[in-house]
Structure formats: structure tokens, C-alpha cells
Amino acid sequence: MLDLKFIRENPELVKQGIKNKNEKDTVDQILEVDKKRREIIRITEELKAKRNKVSQEIGRLKKAGENADEIIAEMKKVSDEIKMHDDELRKLNEKLNELLMWVPNLPHESVPVGQEEDNVEVRRWAPEDFSFEKEFDYLDHVELGKKLGILDFERGAKISGSGFPVYLGKGAILERALINFMLNYHIQKHAYKEVLTPFLVNADSMKGTGQLPKMQDDMYFCEKDNLYPIPTAEVPITNLHRDEILTEDDLPLKYVGFSACFRREAGSYGKESKGFLRVHQFNKVEMVKFVKPEDSYNALEALVKDAEDILKELKIPHRVLLLASGDLSFAAAKCYDLETWSPAEEKWLEASSCSNFESFQARRANIRFRRKDSKKPEFLHTLNGSGLATSRLMVSILENYQTPEGKVIVPKVLQPYTGFNIIG
RNA sequence: GGAGGGGUGGCAGAGUGGUUGAAUGCGGCGGUCUUGAAAACCGUUGAGGUGUUACAGCCUCCGGGGGUUCGAAUCCCUCCCCCUCCGCCA
């Protein structure tokens, strides 16, 4: 959510940002409702001030045993008037809030204006012996997983539906190894604090991080209990501090957490959805940071490097993309994607997304902090990044580590976790 | 799922319709005293909105929402959460 005052004072700036993000411009509508709202506030507050004063007077009269019937009758009218205006005000506030919930975060000034094709490759990394040249005919992860008996998409479809993968034997162990490796790495090397949070959250949490209302149709929903299976651990972890005022000394806060992630992915089928490329349930290790506003862009760079470190340890070729404004998510001000190389598909696959939300989520979720020398709380900045999603990583590992014989070597850093060094 | 109890400021804890945004204690901050510290004493200490160049002023907030009333932390309805007991259960 953007600051209403900011919109009021910088309408053109906001409009430009919305345009660059390809979102719907409701600024004029917001300003109009806001104007009306403030007018009503002025009127009601005058009436309420009067009511408060006279009501006190009535109390005094009654205590003194005097008659107050006449003023009470007069106040009844005032009270009715207040009620009328309050009703109107309530409606305007609801309307205004609804409008504000649909305004996207504005892209940071360092974000290139444009669409997906305007994303900028910032850097690229690969192991020394790596080559884009095909050394043999790679099996893609689906064929390979099937052949090795470590992945079973058909049975997953039977027990749940398509997009719910089953991991078997060494596949399941490898998945678990990855999760543990990544968690431990971020905890030990990057000083994150681990949290294990609920996989089901309420609507307030979903609003807090910006999934609702916009992404409603992409969410699973348990109607009986009004709970949403989380699309990412970003939601519960960021909402840890919803409605809290932290102290300056608390910051920065760095959390890392594992969760299963649930996404309906409504309307996305076809080639892109083969195997692990698009699933309804996957596992992810997520990093979330709460920082002071002036620190958030340095924190973003560090966050990207933290995610990259995992890929370097795993020796997976990858590149870092700075997303253009039109490719940014609703809540993000700036975002880097990490893409890993798939030798079977011969293309880059998104494996991580690291974003700075500035105060957008903090304002929605009401997460503030107080500086030592100031009494007024201010909104902090939130960031998060996948560190990383295992399903996409599994594709990279299975494909990049496969041998001409169709076996898969376990990356060295994972071997202590798996207890074996080759699959097949 | 059933029965009962409860949600008040950073924390603890008063307050059942009339200057109560809220006693008191602790904590925090400032000061006096002290070489310094502690103790003691004095003062101060919630958030949001509206408004103002900035103050002031005014309004709202005692779990959330709605209602009764001239007036609600206090009464009513509803939802949420916590605790105790019973039932069920990994």
C-alpha cells in the first residue's frame, strides 16, 4: 500500500509508476474519494466536539438535580446527524481502502522502464569447466527422474492431481538434503535466524504481504476455516511482525524458513508446465529481511548474493536478471531474478526472485520501528528472496549433473546430507 | 465438538453508563542529589486521523465489527483470540 498523503502530494509520479508497471490507474478516483472523505471528517468532528461538550454539561446538570430534557432533545438531533455522517464516512473509507489495496508499489528509480524483454542481465556465473555446448543428448528431468525411479508425476496426479509431484527413494532424500543444506548454509554463513511457520494463514496475513486482493484466484482457500494455504513462506514470515513496533536495535532482522508452497496457477498449462517447471505444490527455503529504510537497497544486493552463494556451492550455472518495471510483481519496488541453466531445455529457468518491497508491505501489515532519538514510529522496509525453490533447483541438478550413462552425480556439498554420491 | 472463565497503555493491574485516554505499580526517558553509580525524590512517558509553514485545537481508539444512549472501557448482538475442564485425536 502506498501512503495516501504521498499520493495526494505526488499524483503524477504515482500515475507514471502505475503506468510503468502496466497496472490500472485509479489515482484520480482516489483523490476524489479522499477529498470527499476529508470534507465529511471535518463536518463530523465539529459535531462530535459539540456533542462531547454538551454531554458533559448534561452530566453536570443531572448531578446537580436540574432538568436537562431540553438539551437532551437537542442533542438527540445532533447525534442522529453524526450517525448519518459516520455512515457515509464509513462507506468512503471502505471505498478508499479498497482502491488503495489495488494500487501497486512504484518501481524504484534504478529499475529499467519496460517489459520482460527489457530485463537486464547483471551478471553470469558458471563453474570453470562449464560449456553451453551439448556434450551428449541430455535427458530432461522428467525422463531422467522416471528412468531413475526417483520422481513420479503420474502417481502424484492420481493421488492429488497434476502438478503434485511425488519424490521416491534417493529423489526424496536428495530433496530433503537440499532443504537442509540451504537452511544450514544461510544460518551458518549468512547469519539468518531459522523460523518454521504455519502453512495455512488467514486473510489478514495475505493482505499484509500483498497477495490479496489481487491474486485471489491464484490461491487455494479452505472455506470452512477461512484459511489460505501459503503460496510462499514470505507470507507467514513477513507477518510475524504484523501490527508491531520494533526498536531500532531489533533491526535488521533476517529470517530463513522452509515451507511447502501451494499455488493454483490458474490458467497456465502447456509446455511451460512440464514436470517441475510449474507445479501446485513445491518446497522452498525463503529468506525475509526487516530493515531500516536507508538500508534496504544494500540489503537487497546482499540478499541476491546470499541466494547466489547457494548456486555457487552447488556449482550450477546461473545468471542474475534485473527485472524491468513491467515484469515486477505487484508489491515489489525492485527485483532480481536468478535463473539457472537447463541443458536439456537449453534455456534459463527462474529459480529465485529477490525483491525489495520498501514500505509497501510494512504499511499494509502495519510493521513499524522506532528510532532511538525519535518518538514517532515509522514503517520499516521488508525484503524477501527464495533461497531457493527446490523444484526448479532439482531440474538444474538432475540435468547439469547427469552423466552420459544417464546417472546423476550428487553435488559435493549435498553428499554429507544424502549419504550417497550418485543416483542410478 | 460441549461447558465455563477471560481479552484494558511496553508489562502487570484497577475501573460496570457522566471531565476516564483511563487509577496504581513496574519499566523507559529527563532532572535533583553524587567524583561516578545505586538508592531516594521530582517531572515525563500510547497510537492514528484531521488541521497548521510549524504549533495549537479538534476527533477516534480499552481484542475486531455492529447496536442501545444526550453520553459507552462500562449495557446488548456478533466474530476472533487466550485459559480451564470434558470429548475426540497425530
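Rounded to whole Å, the separation between the P atoms of B:rC59 and B:rU8 comes to 26 Å. To the nearest whole angstrom, the two C1' atoms, one in B:rC79 and one in B:rG7, are 14 Å apart. When the C1' atom is compared between B:rG21 and B:rG49, the two are found 16 Å apart, to the nearest whole Å. If you take atom C1' in B:rC62 and the same atom in B:rU53, they sit 36 Å apart, rounded to whole Å. Here the separation of B:rU44 from B:rA22, taken at their P atoms, is 13 Å to the nearest Å.
A salt bridge links A:Glu378 and A:Arg371; the closest N-O separation between the charged side-chain nitrogens and carboxylate oxygens is under 4.0 Å. The pair A:Arg42-A:Glu46 counts as a salt bridge, with a side-chain nitrogen and a carboxylate oxygen less than 4.0 angstrom apart.
Nearest nucleotide to the side chain of A:Arg51, out of B:rC70, B:rG67, B:rC58: B:rC70. Listed nucleotides B:rU60, B:rU50, B:rG48 differ in distance to A:Pro377; the shortest reach to its side chain belongs to B:rG48. Candidate nucleotides B:rC59, B:rC70, B:rU68 were compared by shortest atom distance to the side chain of A:Lys83, and B:rU68 ranks first. Side-chain proximity of A:Asn52 to B:rG51, B:rC70, B:rU60: nearest is B:rU60. The side chain of A:Arg60 has B:rU19 as its nearest neighbour among B:rG18, B:rU19, B:rG67. In the set B:rC59, B:rG49, B:rC70, B:rG49 carries the atom at the smallest distance from any side-chain atom of A:Ile41. Residue A:Arg370 has its side chain nearest to B:rA47 when only B:rA47, B:rU50, B:rC70 are considered.
Nucleotide B:rC85 is matched to B:rG2 when pairs are restricted to Watson-Crick or G-U wobble geometry with both distances under 3.5 angstrom.
The phosphate of B:rG48 (OP1 or OP2) has a side-chain N or O of A:Arg368 nearer than 4.0 angstrom. Here A:Lys62 does not reach the OP1 or OP2 of B:rC70: none of its side-chain N or O atoms lies under 4.0 Å away. Phosphate contact (OP1/OP2 of B:rU50, side-chain N/O of A:Arg8, threshold under 4.0 Å): present. Dashed line: the shortest gap from a side-chain N or O of A:Ser79 to OP1 or OP2 of B:rG71 is under 4.0 Å. Close to B:rG65, at under 4.0 Å from its OP1 or OP2, lies no side-chain N or O of A:Arg90.
Heavy-atom neighbours of A:Glu294 CD from other residues, nucleotides or ligands within 6.0 Å: above the threshold of 12.
Between A:His190 and A:Tyr192, the ring planes are perpendicular. Angles over 60° get that label, and only those under 30° would be called parallel.
Between the side chain of A:Gln56 and the base of B:rG71, no donor-acceptor pair under 3.5 Å is found.
A donor-acceptor pair under 3.5 Å links the side-chain atoms of A:Thr390 to the main chain of A:Asn283, judged by distance alone.
Between the C1' atom of B:rG49 and the CG atom of A:Asp3 lies a distance of 12 Å, rounded to the nearest Å.
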